[in-house]
Amino acid sequence: MKLIDLSVEPFPKSDIPEILRSHHILTNHLAEVLFAHLAFSTESVKVRKAAILSLEEIGLRNGGNLREIREQAMKFGFRSCPVSTGLFLRLAWKDQPESRNSVLSGTHRAPDGAVTVLSDILESDDFPKGLYIRNVNGTLWLRGYVCDADFAFASDDLFAFGFQDL
């Protein structure tokens with residue numbers, strides 16, 4: 001388990017583009033769709049520490065879908081995070097290890113080296129489910145993703161969880 005301190009100062013939502021640009025963080029369209037959602041807020045940091053673990057480390061030896069991951073995480077004292085936690089995690093964790101390959105999507109599994117933030121789902125259907133972070137060839141990424149309710153993440157996929165007692 002790796003713990004990341006999310007001691008990032010809150011800021012106005014309108015500052016997201018400039019803050020990302022100043023930190024040389026790239027996004028995809030799905031992340032920007034999430035930023036635009038009314039429930040996406042950067043006015044407070046509700047999770048102060050994030051735990052990075054593989055699904056196998058929380059007992060999901062065969063991986064699992066988002067519902068199963070959420071249920072299992074709670075058994076270990078972790079919780080789902082506000083969707084903005086992905087942004088705060090990306091800003092706080094600059095030395096994330098680099099991915100072994102540069103493929104960003106299209107593989108029907110989480111990309112190599114990605115850390116998916118277990119977050120509250122804002123809308124159903126084809127709306128982005130949350131954010132993940134990656135370091136690809138020294139470039140930091142914050143990307144949104146979509147999946148259906150049955151999509152199974154692999155046991156070696158990494159997730160960021162919040163703590164129940166924070």
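On a predicted model such as this, the values are computed, not experimentally measured, just so you know.
- Here the straight-line distance linking atom CZ of Arg90 with atom CZ of Arg143 works out to 12.5 Å at 0.5 Å rounding.
- Contact annotation: the side chain of Phe159 approaches that of Phe153 to within less than 4.5 Å [non-hydrogen atoms, C-beta and beyond].
- Atoms CD and CG, on Gln96 and Leu89 in that order, are 7.5 Å from each other to the nearest 0.5 Å.
- At a threshold of 4.5 Å between non-hydrogen side-chain atoms, the residues Val117 and Phe88 do not count as touching.
- Counting only heavy atoms from C-beta outward, the side chains of Thr42 and Pro10 never approach each other to under 4.5 Å.
- The two residues Ser99 and Arg134 come nearest to each other via the heavy atoms OG-NE, 3.0 Å.
- Annotation: side chain of Leu140 is in contact with side chain of Lys94 (closest heavy-atom distance under 4.5 Å).
- Here the closest non-hydrogen pair linking Ile25 and Trp141 is CG2-C, 4.4 Å.
- Taking CD1 of Ile121 as the reference point, atom CZ of Phe127 lies at 11.0 Å (rounded to 0.5 Å).
- Between Glu71 and Arg67 a salt bridge is recorded (basic side-chain N to carboxylate O distance below 4.0 Å).
- With values rounded to the nearest 0.5 angstrom, Lys2 atom NZ is found 12.5 Å from Glu57 atom CD.
- Residues Asp157 and Arg109 have side chains in contact (heavy-atom distance under 4.5 Å, counting atoms from C-beta outward).
- Here Thr85 contributes atom OG1 and Arg48 contributes atom CZ; the two are 10.5 Å apart, rounded to the nearest 0.5 Å.
- Side-chain contact check for Leu6 versus Trp93: every heavy-atom pair is 4.5 Å or farther apart.
- Hydrophobic side-chain contacts under 4.5 Å tie Val146 into a cluster, directly or through other members, with Leu30.
- Residues Leu87 and Leu142 have side chains in contact (heavy-atom distance under 4.5 Å, counting atoms from C-beta outward).
- Counting heavy-atom neighbours within 6.0 Å of Asp5 CG, excluding the residue itself, gives a total above 12.
- In the hydrophobic clustering of ILVMFWY residues, with side-chain heavy atoms under 4.5 Å counting as a link, Leu3 and Leu118 come out together.
- In the displayed structure, Glu43 atom CD is contacted under 6.0 Å by more than 12 heavy atoms of other residues, nucleotides or ligands.
- Between Phe161 and Phe76, the distance separating the two ring centers is not shorter than 6.0 angstrom.
- Phe151 places none of its side-chain heavy atoms less than 4.5 Å from the side chain of Leu66.
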Practice item. Apply side chain to side chain donor-acceptor pair (under 3.5 Å) to Asp120 and Ser80, showing your working. Key: CA-CA 6 Å; Asp120 305 328; Ser80 183; 3.0 Å; yes

